[in-house]
Amino acid sequence: MTEKAPIRVTVWGENYHERHDESVQKLYPEGMHGAIASGLSKALGEAVQVRWVTMDMDEHGLTDEVLAETDVLTWWGHWVHQNVDDAIVERVKQQVLAGMGLIVLHSGHHSKIFRTLMGTTCNLRWRGGANREHVWTVNPTHPIAQGVPNPLVLPSHEMYGEFFDIPTPDDLIFISAFDGGEAFRGGCTFRRGHGKIFYFSPGDQEYPIYHDTDVLRVIANAVEWVAPALPQRAAPEVTWKKGKGYADQQQEGSLDDALAMAERHGLEVLEHTDRRVKLKGAGGFVTSVEL
């Protein structure tokens with residue numbers, strides 16, 4: 001029996017508060033990204049290979065090479081969302097559409113990548129200070145909920161509340177309730193292209209949330225759930241059957257015709273065989289022409 005390869009996880013951290021706020025440095029001496037990475041390694045053992053990168057690295061740590069070697073990307077951001085380069089956001093988006101899993105944590109709801117993939121403002125109701133949070137499981141059969149206490153209780157945290165401007169989730173797994181009476185859809189999944197996305201709200205930098213084993217269990221479960229199911233990563237693409245007629249009377253297209261058409265319309269030829277040409281348009285879309 002073939003041994004299953006470990007899930008390659010890249011933990012991305014904004015790494016702003018850890019460098020500027022003494023209170024956060026005391027809570028997370030190795031950074032929030034370090035705490036999440038360590039927690040996932042402990043929770044999943046040899047089932048994962050975990051590394052972390054931060055926004056202050058070259059290309060925000062998210063080079064083409066790093067993303068090509070990433071099955072699941074976790075994202076924590078808060079204070080400098082606007083400084084994330086748009087080209088890097090597009091790079092991550094294309095990898096998600098092609099099948100890379102994405103886990104967006106806490107204030108990452110306002111990150112460029114999450115808002116781009118959701119297509120909404122992702123705004124919400126917010127209150128700072130110490131609030132008791134009960135994270136209730138409302139979909140106990142979902143794999144992400146397995147082994148998680150119901151409710152998961154956070155004695156002190158900031159409040160996120162409705163209305164949360166997101167598309168209707170594919171799966172609503174957790175709803176948070178706060179001592180001020182607010183509720184929040186804080187554990188949701190979405191599918192975009194071939195990729196799976198999980199948003200999980202606990203994780204303000206002023207609280208030791210990522211030292212909580214139950215919170216880490218949720219994220220670990222999510223890593224296994226959002227991991228790519230396809231053996232090769234590729235975004236859904238348009239396939240054009242170049243031919244006319246029906247059934248046995250169909251006329252096949254030719255390679256020369258397809259290449260001439262690509263040149264005529266300014267399409268980039270990415271690759272081709274005798275029977276298939278893959279083209280890229282000006283808008284970034286990919287079309288495969290079957291001959």
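Worth knowing before you read on, the calculation uses all heavy atoms, side chains too, and leaves out hydrogens, waters and symmetry mates.
Side-chain atoms of W136 and N150, non-hydrogen and from C-beta on, do get closer than 4.5 Å to each other. At least one side-chain heavy atom of H142 sits less than 4.5 Å from a side-chain heavy atom of T189. Considering only heavy atoms from C-beta on, E158 comes within 4.5 Å of Y160 through its side chain. In this structure the side chain of F198 never reaches within 4.5 angstrom of the side chain of L102, judged on heavy atoms. Looking at V9 and I103, their side chains never come closer than 4.5 Å, going by heavy atoms from C-beta outward. At least one side-chain heavy atom of I88 sits under 4.5 Å from a side-chain heavy atom of H60. Two residues are said to be in side-chain contact when any heavy atoms from C-beta on lie closer than 4.5 Å; V135 and E133 meet this criterion. The side-chain heavy atoms of L172 and V138, taken from C-beta on, include a pair separated by under 4.5 Å.
A continuous path of hydrophobic side-chain contacts links V50 to I219 [ILVMFWY only; heavy atoms under 4.5 Å]. F114 and F184 end up in the same hydrophobic cluster when Ile, Leu, Val, Met, Phe, Trp and Tyr side chains are linked at under 4.5 Å. When hydrophobic clusters are built by joining Ile, Leu, Val, Met, Phe, Trp and Tyr residues whose side-chain heavy atoms come closer than 4.5 Å, directly or via intermediates, L105 is grouped together with V80. Each of I175 and I144 belongs to its own hydrophobic cluster when Ile, Leu, Val, Met, Phe, Trp and Tyr are linked at side-chain heavy-atom distances under 4.5 angstrom. Hydrophobic clustering (side-chain heavy atoms under 4.5 Å, transitive across Ile, Leu, Val, Met, Phe, Trp, Tyr) keeps V66 apart from V72.
The two atoms that bring H134 and P151 nearest to each other are CD2-CG, 3.6 Å, heavy atoms only. The minimum heavy-atom distance linking P167 with R192 is given by the pair CG-NH2, 3.6 Å.
Atoms CG and CD1, from L216 and I36 in turn, are 8.0 Å apart once rounded to the nearest 0.5 Å. One finds the CG atom of L73 at 8.5 Å from the CD1 atom of I113 (value rounded to the nearest 0.5 Å). Between the CG atom of D21 and the OH atom of Y16 there is a distance of 7.0 Å, given to the nearest 0.5 Å. To the nearest 0.5 angstrom, D204 atom CG is 11.0 Å from L154 atom CG. Annotation: the span from H194 atom NE2 to L97 atom CG amounts to 9.5 Å, rounded to 0.5 Å. Atom CD of residue Q205 and atom OG of residue S107 lie 6.5 Å apart, to the nearest 0.5 angstrom.
H106 and H78 form no side-chain donor-acceptor contact under 3.5 Å, judged by distance and modelled atom types alone. For the residue pair E30/S38, the side-chain donor-acceptor check at 3.5 Å is not satisfied. D165 and T121 share a donor-acceptor pair across their side chains, judged by distance under 3.5 Å alone. For N123 and H109, the side-chain atoms include no donor-acceptor pair closer than 3.5 Å.
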Start with the C-alpha distance between T141 and N139, add both sets of side-chain angles, then the distance that settles side-chain hydrogen bond (donor to acceptor under 3.5 Å, both in side chains), and finish with yes or no. CA-CA 6 Å; T141 64; N139 190 347; 3.2 Å; yes
Steps toward side chain to side chain contact (heavy atoms under 4.5 Å, CB included) verdict (N131, R127): CA-CA 9 Å; N131 306 274; R127 184 180 67 249; 2.5 Å; yes
Derivation of the ring pair (Phe, Tyr, Trp, His ring centres under 6.0 Å) call for F164 and Y199: CA-CA 12 Å; F164 187 18; Y199 172 74; 5.5 Å; yes
Does the side chain to side chain contact (heavy atoms under 4.5 Å, CB included) test come out yes or no for R191 and D171, once each step is laid out? CA-CA 10 Å; R191 289 171 176 82; D171 304 302; 3.9 Å; yes
Begin from the C-alpha positions of L117 and I197 and carry the test side chain to side chain contact (heavy atoms under 4.5 Å, CB included) through to its verdict. CA-CA 9 Å; L117 288 165; I197 303 166; 3.8 Å; yes
Check step by step if side chain to side chain contact (heavy atoms under 4.5 Å, CB included) holds for S176 and F174. CA-CA 7 Å; S176 289; F174 304 111; 5.9 Å; no
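Ring geometry for W75 against W12 counts as parallel: the plane angle stays under 30°, on a 0 to 90° scale with 60° as the upper cut.
Between the side chain of K112 and the main chain of V84, a donor-acceptor pair closer than 3.5 Å is present. Formation of a donor-acceptor pair under 3.5 Å by the D71 side chain with backbone atoms of R8 is found in this model. At least one donor-acceptor pair under 3.5 Å links the side chain of D212 to the backbone N or O of V215. A side-chain donor-acceptor contact under 3.5 Å links D179 to the backbone of R132. Not one N or O on the side chain of H33 forms a donor-acceptor pair closer than 3.5 Å with the backbone of G13. Remark: the backbone N or O of R185 is paired with a side-chain donor or acceptor of E162 at under 3.5 angstrom. The backbone N or O of P140 sits nowhere less than 3.5 Å from a side-chain atom of T137 that would complete a donor-acceptor pair. With hydrogens and angles disregarded, a donor-acceptor distance shorter than 3.5 Å links the side chain of E14 to the backbone of W79. In this structure, the side chain of D214 does not engage the main chain of L152 through any donor-acceptor pair within 3.5 Å. Looking only at distances, a side-chain donor or acceptor of S111 sits under 3.5 Å from a matching main-chain atom of G108.
For residues 50-60, the salt bridge (charged side-chain N to carboxylate O under 4.0 Å, His left out) pairs, not counting sequence neighbours, are R51-E69, E59-R91.
Under the rule for a ring-ring contact (aromatic ring centres under 6.0 Å, His included), the partners of Y28 that lie at least two apart in sequence or sit in another chain are H211.
For Q82, the CD atom is densely surrounded, since the number of other residues' heavy atoms within 6.0 Å is greater than 12. In the displayed structure, R125 atom CZ is contacted under 6.0 Å by at most 12 heavy atoms of other residues, nucleotides or ligands. The environment of W225 atom CH2 is dense: over 12 non-hydrogen atoms of other residues, nucleotides or ligands sit within 6.0 angstrom.
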